[in-house]
2 protein chains.
Amino acid sequence: MDNIQATADGDGRQRILAAAEKLFSDKAFDAVSMSAIACAAGISKANIYHYFPNKDTLYLAVLRMASHNLRAVLNEAVSAHGSVMDVLRHFAHNHLQALLKKPELVRLVWREILEKGAPRAQEFAEQGFADMFSALVDVLKLGQTRGEFRQDFDPALVATLLLGANVFFFQSRDIFRHYPPITFADDPAGYDAGIVEILLRGLVPATS
Amino acid sequence: MDNIQATADGDGRQRILAAAEKLFSDKAFDAVSMSAIACAAGISKANIYHYFPNKDTLYLAVLRMASHNLRAVLNEAVSAHGSVMDVLRHFAHNHLQALLKKPELVRLVWREILEKGAPRAQEFAEQGFADMFSALVDVLKLGQTRGEFRQDFDPALVATLLLGANVFFFQSRDIFRHYPPITFADDPAGYDAGIVEILLRGLVPATS
DNA sequence: CCTGATATTGACCGATTGGTCAGGTGCTTA
DNA sequence: TAAGCACCTGACCAATCGGTCAATATCAGG
């Protein structure tokens with residue numbers, strides 16, 4: 001049963017998917033050739049077509065897998081214990097860590113979201129969104145019913161703010177890095193600690 | 001001097017740039033062919049090479065122009081009058097409106113920012129960032145020195161939060177639109193009105 | 001040992017890619 | 001009128017693209 005070569009069932013397919021994922025996360029669809037994928041996977045180009053009927057299908061499979069894995073990683077970020085404020089802090093931290101942990105997956109899925117006109121598989125990309133969102137909104141609603149938060153804000157809006165802050169950080173941290181006034185480019189933990197604190201307390205001193 | 005045909009100086013060049021901008025904002029670099037650009041511009045492919053030595057140079061010119069125009073549009077968003085809080089509200093609103101007004105430019109420049117490995121012209125893309133950022137940070141600092149804002153937060157962090165919220169909204173509003181809990185997908189004004197209010201007041205009731 | 005199915009390959013296909021080139025406009029200046 | 005020049009073109013090029021195909025390895029079960 002054990003082969004000397006690690007040729008577990010579906011090994012070829014997996015090799016192709018892994019190579020394609022790497023390449024597609026670095027460059028756009030048209031910038032990645034089947035030859036390049038084959039080369040990266042260490043097989044012949046023709047062999048790819050034994051597993052996938054065409055390039056689009058392969059890309060879709062990669063996107064599907066990436067989306068699934070990303071969801072799994074991100075969903076770990078949502079876990080509740082302690083006060084709602086603590087849950088929020090915890091979430092902000094873990095969510096950003098999850099993004100930074102699998103940057104290829106994030107770039108891959110996000111590029112698909114941004115693509116206009118050709119919605120190759122937005123369904124997959126959008127799923128992660130819905131998960132994150134509903135989980136986060138639930139937390140915020142809980143904070144409101146418990147009286148820890150004010151009642152007069154839209155939970156979905158705050159969720160957008162938090163998610164957006166992390167995604168924006170992820171996308172822009174290379175720019176942040178050579179922009180002097182920003183000190184938190186390489187300190188994601190400090191970044192969303194600050195973010196959450198501002199969200200909780202607000203900018204205006206409590207002198208009402 | 002006047003020709004019947006509107007052949008003002010640089011007309012051909014401008015036609016090419018316009019067509020290329022449109023195409024490059026819809027699809028990635030490799031997905032746009034020189035033939036397509038020529039066709040869209042209503043000229044022959046060979047003629048493009050009379051104005052631009054190669055595809056990369058053309059793309060760079062497009063990016064340069066787009067970045068410049070985008071900066072111009074965005075900089076209009078920064079104008080100060082009234083209280084610092086009002087300036088902040090004004091900025092959030094106008095910044096998002098500017099993004100939505102020229103979506104092709106934003107997509108073009110932002111795609112370049114996200115591109116890994118091949119930083120074709122991040123310099124241009126990053127310029128807009130620096131402008132926005134310093135202007136916004138200055139406003140926030142003013143709020144702090146005037147005592148309208150608390151002293152214990154990092155202005156750059158709040159600027160990131162605000163900019164990020166708008167960019168995130170811009171990028172994700174197609175997804176928002178078919179996600180029920182979100183009601184502000186088609187109401188950008190309401191969106192950043194809410195955003196700013198949360199930033200100012202915070203989530204936690206002032207009961208200290 | 002044979003057989004059939006799964007993997008895998010190099011050679012090949014038509015189409016398209018970015019880019020070149022020789023030549024043809026039409027206007028300006030001498 | 002002739003020369004010069006910016007503009008513009010169709011035809012062409014080698015290279016690469018996604019994809020096909022016939023010919024092989026490889027290996028399990030009979």
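In the text below, chain A, chain B and the rest are named by the order of the sequence lines, each starting its count at 1. Note that the structure is a prediction, hence the values are computed from the model and not measured.
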TODO: Please work out if A:Ser44 contacts a base, only the sugar-phosphate, or nothing of the nucleic acid, heavy-atom cut-off 4.0 Å.
DONE: base
Open item on the list: The side chain of A:Asn54 is closest to which nucleotide in this list: D:dT20, D:dG19, D:dT9?
Closed with: D:dG19
Open item on the list: Could you tell me how far apart B:Tyr49 (OH) and D:dA11 (C1') are, to the nearest whole angstrom?
Closed with: 15 Å
Open item on the list: Can you tell me which nucleotide in C:dG19, D:dG19, C:dT17 comes closest to the side chain of B:Ser33?
Closed with: C:dT17
- [ ] Starting at atom CG of A:Leu23, determine the distance to atom P of D:dC17, rounded to an integer number of angstrom.
- [x] 12 Å
- [ ] May I ask you to verify whether the side chain of A:Lys55 and the base of D:dG19 hold a donor-acceptor pair under 3.5 Å?
- [x] no
Open item on the list: Tell me whether B:Arg13 forms a cation-pi arrangement with B:Phe52, defined as NZ or CZ under 6.0 Å from the six-membered ring centre and within 45 degrees of its axis.
Closed with: yes
Task: Position toward the 5' end of DNA chain D (nearest nucleotide), A:Pro53 or A:Ser35 - done: A:Ser35
- [ ] Could you verify whether a donor N or O on one side chain and an acceptor N or O on the other, from B:Asn94 and B:His90, lie under 3.5 Å apart?
- [x] yes
- [ ] Can you tell me the distance, in whole Å, between the CZ atom of B:Arg13 and the P atom of D:dC8?
- [x] 12 Å
- [ ] Write down the distance between CD1 (B:Ile48) and C1' (C:dG18), rounded to a whole number of angstrom.
- [x] 11 Å
Open item on the list: Distance check needed: D:dG19 C1' versus A:Leu58 CG, whole Å only.
Closed with: 13 Å
Open item on the list: Ring-plane angle category for B:Phe184 and B:Phe176, please: parallel below 30°, perpendicular beyond 60°, tilted otherwise.
Closed with: perpendicular
Open item on the list: Pick the closest DNA chain C nucleotide for A:His50 and for A:Lys45 by heavy atoms, then say which residue is nearer the 5' end.
Closed with: A:His50
Task: Between P of D:dC17 and CD1 of A:Ile37, the distance in whole Å - done: 11 Å
- [ ] Would you tell me if any nitrogen or oxygen in the side chain of A:Asn47 comes within less than 4.0 Å of OP1 or OP2 on C:dA7?
- [x] no
- [ ] List the steps and the verdict of side chain to side chain contact (heavy atoms under 4.5 Å, CB included) for A:Leu140 and A:Val84.
- [x] CA-CA 8 Å; A:Leu140 291 163; A:Val84 177; 6.0 Å; no
TODO: Could you tell me whether A:Lys55 atom NZ has more than 12 heavy atoms of other residues or ligands within 6.0 Å of it?
DONE: yes
Open item on the list: Tell me the interatomic distance from A:Met34, atom CE, to C:dT9, atom C1', rounded to whole angstroms.
Closed with: 15 Å
Task: Atom-to-atom span, CG of A:Asp30 to C1' of C:dT16 - whole angstrom - done: 12 Å
- [ ] Could you tell me whether the phosphate oxygens of C:dT6, OP1 or OP2, come under 4.0 Å of any side-chain nitrogen or oxygen in A:Tyr51?
- [x] no
